[in-house]
Each structure stands twice: as structure tokens, then as C-alpha cells.
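Chain letters run A, B, ... following the sequence lines, proteins first, then strands; residues in each count from 1.
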2 protein chains.
Amino acid sequence: MGANTEKKPSRIQLKNRKRIMDAALDVFSQHGYRGATLDQIAEAAGMSKPNLIYYFDGKEAIHVALLNALMEEWLDPLIEMKAEGDPMTEILGYVRRKMEMSHRYPRESRLFAGEIIQGAPRMKPHLERRLKPLFDEKCALIESWMKAGRIARMDPRHLILTIWAVTQHYADFDAQLRVLLPEGDGADAHVETMFRRLLTPEPTKR
Amino acid sequence: MGANTEKKPSRIQLKNRKRIMDAALDVFSQHGYRGATLDQIAEAAGMSKPNLIYYFDGKEAIHVALLNALMEEWLDPLIEMKAEGDPMTEILGYVRRKMEMSHRYPRESRLFAGEIIQGAPRMKPHLERRLKPLFDEKCALIESWMKAGRIARMDPRHLILTIWAVTQHYADFDAQLRVLLPEGDGADAHVETMFRRLLTPEPTKR
DNA sequence: CCGGTTTTTTACCATTTGGTAAAGGCACGA
DNA sequence: TCGTGCCTTTACCAAATGGTAAAAAACCGG
């Protein structure tokens, strides 16, 4: 019997599934879905290939499991941006959390990037069902802040996209960064300053 | 004899190599290096697999040829940013050219992104030899503009990286965009406005 | 239209790949 | 101690993959 039927997963199952997913994250994030092989994943996980198949129904199932886990984690920082707080603080806080995530989970970031670049074949449903509603909700929130004059006016959708663009870039293009900025960086400070300037309302003319 | 010895390439050679590279661009940009297969490329190019090998020495040779061609094209917009012009105009012109490129050559953009995400295994030399010097040169130029007070002060390296981040994002994350912005966009206008605000020097306090 | 050269096709091949079958191991309660 | 249910390994397999050999076809200047 497979391991994916809905029974209580044993301790060892949990442990091994985690081990597999961690190994798979390495391999998929580095080579993409098609470029990754079960043998690579098996070796990275320190177990035999048929053993992988014992825990997951196949290559695609592993990938899907990764994407599912990823999406939940990925939305968190945006969910945390709350209407109650000070707009500038909330948005900059979101930016900071997103940057932190890029640093802490570069593999996840690359996995996501790879999937989207390839046209999101396995993730489009997630995007539509989970990301889109959240995106719309937070756009509305930002818009209300703008209408209240508490931050500079702009298209909130493109504001969020720009935040994603910058934070993704610093995670995914690490190889390029290491060539261009051998010293390390100052990226976080730059990004925060940039968005602060961008969001500061211009003083009303008089 | 292979086709890569340095003789005059015949008309038909030029034509077929172009055909192959175009097909390979499709496939590599969608599946990454490892995920792409010669059969796919051959079919996309409308010729047999051994015929590919007749024109290129193998899978890797095709990929390398693509990356070489890409890098030249890719640097153009940045090269065009000249010291003689008005700083704001020059930088915004660069941003516009880069955005235009993202729209016109999405496959190239994705190919590049994929290669960098995978650690730039085949492109690091290019980055070091061609991109890095140009990057440093243009950073110095921007810095001189900033020191002259003609645009706002910031780390020029991160300014350029931010421009890349945003322009790449709009090309590479198209699948996500189509979910979140079903209407199309306003991306170009937003990006221009954003960088204009960012670069406008604050009025000197008095 | 001929002879040599370039290009294309056909027939293969060794390796890799995702996946299966089935036999062992292993823990653990009765 | 023995079974019983979970886990792991060994031995495979068919298809796909990158690539080759060599014959056949197309091209082209004379």
C-alpha cells in the first residue's frame, strides 16, 4: 500500500517524507522539474529509489507536495500585513519579512521561480485559488491607505509586484550577485530605503 | 567534419543553425538545460536529431551558442546609457529599453534567468569577463551623476540591480502576472514613474 | 550531366530514467 | 517464539535520451 492514503502517518513516515522533501527541494530547485532525476533525489536523501516511491507516488507527487508546502509558507509574510497598523510600517515590515525569507529559504525561492518561469504548469491552480484572492485583498488595503493620503499614490498591484520582483531577485540571482558584488552587500538597507522613499507622500503643494 | 570549424559558413548552414537556435531557445527557455531534450529541439526545428548534431557538436554546444548570442544582445541597453546625456533621461531611457526587451524577447529573458538560477554553470565566465566590467563602469558613471547632485543619492549597484529585478520579473513571471492582472497592465508606466520618483533629488533643505 | 562535396536520413547503441515485483528485514505484541 | 504489518533492498524493465556510423540524397561548379 502506498503511503498517501489518508491514515495516520507513523513517526518514521513523517521523518522520511521530510527527508525526501528536503532532498527533492535541493534537486528540483537546482535543475527544474524535468531536469531533476529520482536517482539524484534518492541519493541526496540517502535512500534507495524504490524507497522514494514507497513514500511518494512518483516524481510528480514529490514535486506537487513541495509546491503545496511552499505556497503556504510563501503567503505568510503578506498575510501578516494588517490593516490596523501604520501603513508605512506595515508595508516596510512586509518588505523586510520578504527579504528575510529570500535569505533564509533560497531553495524555496528558486523552486517557485523555476515553476513560474516554466509557465506554472503545476501551480496555476494554487495561484488562482490562494494567491489571487490574497493579492486582491491586500491591494484593496493598500489602496485605502493611499486614498487616506497616508502613503504615496500609485497602482497597488504594481507596488506589490515590484516588492516581489526585488526580493525574488536577491534570492534567485545569487550567482550573478556573487560576481557583481563580491563584497556581500547592503541589499536590505537599500531595499528598505528605496521603498520608504517611494511610499513617502509628497508634501501637499500650497 | 563538424560545422564548427572556422571556415566560411555556407548560406544553408547559416539558415539551419539559426533555425536550430530558435527551436532550442523555445525548448531550453521552457525546460532548462537538463530538462530539454534533443528530440524536442529537433522536432521544433523540423529536422532529425542527427541533423542537429551535424550542425552543432552536441546539446551543450547549442546551449552555449545560445548563451553567447544572448549575452551580447543583453548588454546593449546598458551600453547605450551614455555619460553625455541628461542623467535622468539616460537612466529612464535605460529602464525603458530594458522593459522593451523583456516584452520583445521573453524567451531570452527566461533562458538567462534559468541559467542564473541554476548557478550560472555555463555562464559565469561571461558574467565575469563581459558583464562585470560594464557593470562597474556604469556604476561609476551613475555615481558621478549622484555626486554632481543631478539625481538622488543611493548605492548605484543596487539601483542597477533593482532595475534588473523589476524588468526581469515582468518578463519571467508572466504566468503569475496573467493570473493576478487579467486585464493586461500599465506596468511600463508604473515602472517609469517609480524610478523617476526614486531618482528625483530631494530639494535641498534650507 | 558528371564527380565531388555537403546535407540528410536510416539504423543503431549504450546509458539513464521513472517505475515495478517480489523477496527480505525489522519491530513488537500475543 | 511466532506471526503480522511496516519498511527496505535487490533485481529488473520498457521507454527515453544523447550520440554514432554509414549510406543515401541533394547540391553545385565545371
Side-chain angles (χ1 to χ4, degrees), chain A residues 1-67 118 121-122, chain B residues 1-67 118 121-122:
Chain A
M1 180 192 302
N4 57 329
T5 44
E6 27 274 295
K7 298 274 178 173
K8 32 140 205 186
S10 75
R11 214 135 299 103
I12 180 159
Q13 269 186 13
L14 256 335
K15 193 197 62 171
N16 277 344
R17 284 215 215 178
K18 216 161 199 289
R19 199 144 61 100
I20 292 170
M21 285 183 62
D22 189 69
L25 182 55
D26 272 355
V27 179
F28 279 129
S29 67
Q30 204 170 50
H31 298 291
Y33 178 72
R34 288 220 49 196
T37 74
L38 287 182
D39 296 82
Q40 278 177 293
I41 298 172
E43 181 173 1
M47 66 178 69
S48 67
K49 186 166 53 169
N51 217 350
L52 288 193
I53 306 296
Y54 175 75
Y55 285 106
F56 287 90
D57 276 350
K59 188 183 180 183
E60 182 152 12
I62 303 178
H63 196 242
V64 167
L66 275 177
L67 293 181
Q118 286 172 22
R122 272 165 273 276
Chain B
M1 179 192 303
N4 58 333
T5 43
E6 26 276 298
K7 297 276 178 171
K8 30 134 204 191
S10 75
R11 212 133 302 104
I12 181 162
Q13 270 187 11
L14 256 335
K15 192 196 61 169
N16 277 344
R17 284 215 215 179
K18 215 162 199 287
R19 199 144 61 101
I20 292 170
M21 285 183 61
D22 189 68
L25 182 55
D26 272 353
V27 179
F28 280 128
S29 67
Q30 205 170 52
H31 298 290
Y33 178 71
R34 289 219 47 196
T37 74
L38 287 182
D39 296 81
Q40 280 177 292
I41 298 172
E43 181 173 1
M47 66 178 70
S48 69
K49 187 167 53 171
N51 216 350
L52 287 192
I53 306 297
Y54 175 74
Y55 285 107
F56 287 90
D57 276 349
K59 189 183 179 182
E60 183 152 10
I62 302 178
H63 196 242
V64 168
L66 275 176
L67 292 181
Q118 286 172 21
R122 273 166 274 276

Legend entry - Among C:dT8, D:dT20, D:dT8, the one nearest B:N16 by side-chain distance: C:dT8
Inset, instruction - Mind calculating the distance between NE2 (A:H63) and P (C:dG19) to the nearest angstrom? - result: 14 Å
Inset, instruction - Would you mind reading off the distance between B:Q40 atom CD and D:dT17 atom P, rounded to a whole angstrom? - result: 7 Å
Legend entry - Approximate separation, where rounding is to 0.5 Å, of A:R19 CZ and A:L14 CG: 13.0 Å
Legend entry - B:T37 side chain, from C-beta outward: closest of D:dC7, C:dT7, D:dG18: D:dG18
Inset, instruction - Select one nucleotide: of D:dT20, D:dT8, C:dT8, the one nearest the side-chain heavy atoms of B:P50. - result: D:dT20
Inset, instruction - Name the nucleic acid region contacted by A:A61, choosing base, sugar-phosphate or nothing; use a 4.0 angstrom heavy-atom cut-off, strictly under. - result: nothing
Inset, instruction - Consider the side chain of A:S48, meaning its heavy atoms from C-beta on, and name the nucleotide among D:dT10, C:dT9, D:dG18 that approaches it most closely. - result: D:dT10
Legend entry - Separation of atom CD in B:E60 from atom P in D:dG18, rounded to whole Å: 12 Å
Inset, instruction - Starting at atom CG of B:L38, determine the distance to atom P of C:dT16, rounded to an integer number of angstrom. - result: 16 Å
Inset, instruction - Figure out the CZ/P separation between B:F56 and C:dT7, and round it to whole Å. - result: 13 Å
Inset, instruction - From the options C:dT8, D:dT10, C:dT17, select the nucleotide whose nearest atom is closest to the side chain of B:Y54. - result: C:dT8
Inset, instruction - May I ask you to evaluate whether A:N51 reaches the phosphate of D:dC7, defined as a side-chain N or O under 4.0 Å from OP1 or OP2? - result: no
Inset, instruction - Before giving the answer on side chain to side chain contact (heavy atoms under 4.5 Å, CB included), spell out for B:Y55 and B:I62 the whole-Å C-alpha distance, their side-chain angles and the decisive distance to 0.1 Å. - result: CA-CA 9 Å; B:Y55 285 107; B:I62 302 178; over 6 Å; no
Inset, instruction - Could you check how far CZ of B:F28 sits from C1' of D:dT17, rounded to whole Å? - result: 13 Å
Legend entry - Gap between atom CD1 of A:I20 and atom CG of A:L52 - 0.5 Å precision: 5.0 Å
Legend entry - Distance under 6.0 Å and angle within 45° of ring axis: A:K59 vs A:Y33: yes
Legend entry - Short side-chain N/O contact from A:Q13 to OP1 or OP2 of D:dC6, under 4.0 Å: no
Inset, instruction - Using atom CD1 of B:I53 as one end and atom P of C:dT9 as the other, report the distance to the nearest whole Å. - result: 14 Å
Legend entry - Most 5' of A:K49 and A:R34 on DNA chain D, judged by nearest nucleotide: A:K49
Inset, instruction - Could you check which of D:dC7, D:dG19, C:dG19 has an atom nearest any side-chain atom of A:K59? - result: C:dG19
Inset, instruction - Check whether any side-chain heavy atom of B:T37 lies under 4.5 Å from a side-chain heavy atom of A:R34, and answer yes or no. - result: yes
Legend entry - Between D:dA25 (P) and B:M47 (CE): distance, integer Å: 20 Å
